[in-house]
Number of protein chains: 2
Amino acid sequence: MKSLIKSDTKGRKKVLEPCLEPCPIERGMRLLGAKWKASILWHLKDQPVRFNDLARMIGGASKKMVDQRLKELEAQKMVKRTVLSERPIAVVYQATDFGKSALSVLEPLLKWTEKHHL
Amino acid sequence: MKSLIKSDTKGRKKVLEPCLEPCPIERGMRLLGAKWKASILWHLKDQPVRFNDLARMIGGASKKMVDQRLKELEAQKMVKRTVLSERPIAVVYQATDFGKSALSVLEPLLKWTEKHHL
DNA sequence: CGGTATCCTCTACGATACTG
DNA sequence: CAGTATCGTAGAGGATACCG
């Protein structure tokens, strides 16, 4: 599925692409359905997590992917990035309230998946 | 995102690939998150719909895509295909109870998307 | 009508190496 | 540690034409 963020004309900052699909479920899926996205958000719901720790938690996703998804989530205001210290640099990510609201919306999906052993 | 169905060794019938991700939300998204999938299912929840009608309803998706998603949904037992008549051939698709249960699980996502004007 | 077949493009995703 | 750069590939997805 297509990425949601693009660089602006000069390649400077990242911009969120609006989704124009008429069906709201479809739009919702596009917003949250990217590979690893829900999983990443899930791991950030309870405590702030450092980048490499997160990457390790999501076994299977490369750092590049984790990074990319995190940037999307940040642009979507679902995740907040905090720099704890430079040199040695330390960064943590955590789900915002909005991000948590997204997760709560996915909770039924979680139950459903488990219930049917999928 | 990768397709969920593959041909068997001899290219005969289609087989459902199991998803091995540990996170149930992630798995759920993989099951339902493919492009157009939720949207298609949505249109089949109330009445049976014929193939071409469906393709027209999902403006933007090619027949090929609609066909592909329908086959996945069928393999997942979320949609039932019924041949009404040959020559002229007529086929309808409708959501099974299981398919409807999947939709009900996505209902909160729908509300959430609308509430936040996404 | 309900699909297939073909061709093509694009980009998501992965592996690896590297940097401040 | 927290990323970025680079490169390579598979396959998702689209356009169009065709078929029984």
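Order of the sequence lines fixes the chain letters, A, B, ..., with proteins taken first and strands second; residue numbering starts at 1 for each chain.
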Among pairs that include at least one residue of residues 18-35 of chain B, which meet side-chain hydrogen bond (donor to acceptor under 3.5 Å, both in side chains), considering only residues two or more places apart or in two chains?
B:Glu26-B:Arg30
According to the side-chain hydrogen bond (donor to acceptor under 3.5 Å, both in side chains) rule, which pairs have a member within residues 38-54 of chain B, sequence neighbours left out?
B:Asp53-B:Arg56
Could you work out how much the helix from C:dC1-D:dG20 to C:dG20-D:dC1 bends, comparing the axis of its first five pairs with that of its last five, to 10°?
50°
Would you please confirm or rule out a distance under 4.0 Å between OP1 or OP2 of [N] and any side-chain N or O of [X]?
X	N	result
B:Arg81	C:dG2	no
A:Arg56	D:dA2	no
A:Tyr93	D:dG3	yes

Atom-to-atom span, [atom1] of [X] to [atom2] of [N] - whole angstrom:
X	N	atom1	atom2	value
A:Glu72	C:dT11	CD	P	14 Å
A:Ile58	D:dG3	CD1	C1'	17 Å
B:Glu26	C:dC13	CD	C1'	13 Å
A:Ile89	C:dT19	CD1	P	17 Å
B:Leu54	C:dC1	CG	P	14 Å

Separation between CG of B:Leu70 and CE of B:Met78, rounded to the nearest 0.5 Å:
13.0 Å
Return the residues of residues 31-42 of chain B meeting this criterion: a heavy atom under 4.0 Å from some atom of DNA chain D. Order them by number, or give none.
B:Lys35, B:Trp36
Of all residues at least two apart in sequence or in a different chain, which pass the ring-ring contact (aromatic ring centres under 6.0 Å, His included) check with A:Trp112?
A:His116, B:Phe98
Between A:Ser104 (side chain only) and A:Glu107 (backbone N and O only), is there a donor and an acceptor less than 3.5 Å apart?
no
Should A:Val92 and A:Phe51 be regarded as members of a common hydrophobic cluster, given that ILVMFWY residues are connected when their side-chain heavy atoms come within less than 4.5 Å of each other, either directly or indirectly?
no
Can you check nucleotides 4-6 of chain C for protein contacts, nitrogen or oxygen pairs under 3.5 Å, and list what you find?
{"unit_1": "C:dT4", "atom_1": "OP1", "unit_2": "B:Lys71", "atom_2": "NZ", "d": "2.8"}
{"unit_1": "C:dT4", "atom_1": "OP2", "unit_2": "B:Asp67", "atom_2": "OD2", "d": "3.0"}
{"unit_1": "C:dT4", "atom_1": "OP2", "unit_2": "B:Lys71", "atom_2": "NZ", "d": "2.9"}

Taking any heavy-atom pair under 4.0 Å as a contact, classify B:Arg50: base, sugar-phosphate, or nothing.
sugar-phosphate
Can you check whether A:Leu54 reaches A:Val66 side chain to side chain, under 4.5 Å on heavy atoms?
yes
B:Lys37-B:Gln76 side chain donor-acceptor pair, cut-off 3.5 Å
yes
Using a distance-only test with no angle check, is there a side-chain donor-acceptor pair under 3.5 angstrom linking B:Ser3 and B:Glu72?
yes
For B:Asp67, run the salt bridge (charged side-chain N to carboxylate O under 4.0 Å, His left out) check against B:Arg69, B:Lys64, B:Lys71 and tell me which one passes.
B:Lys71
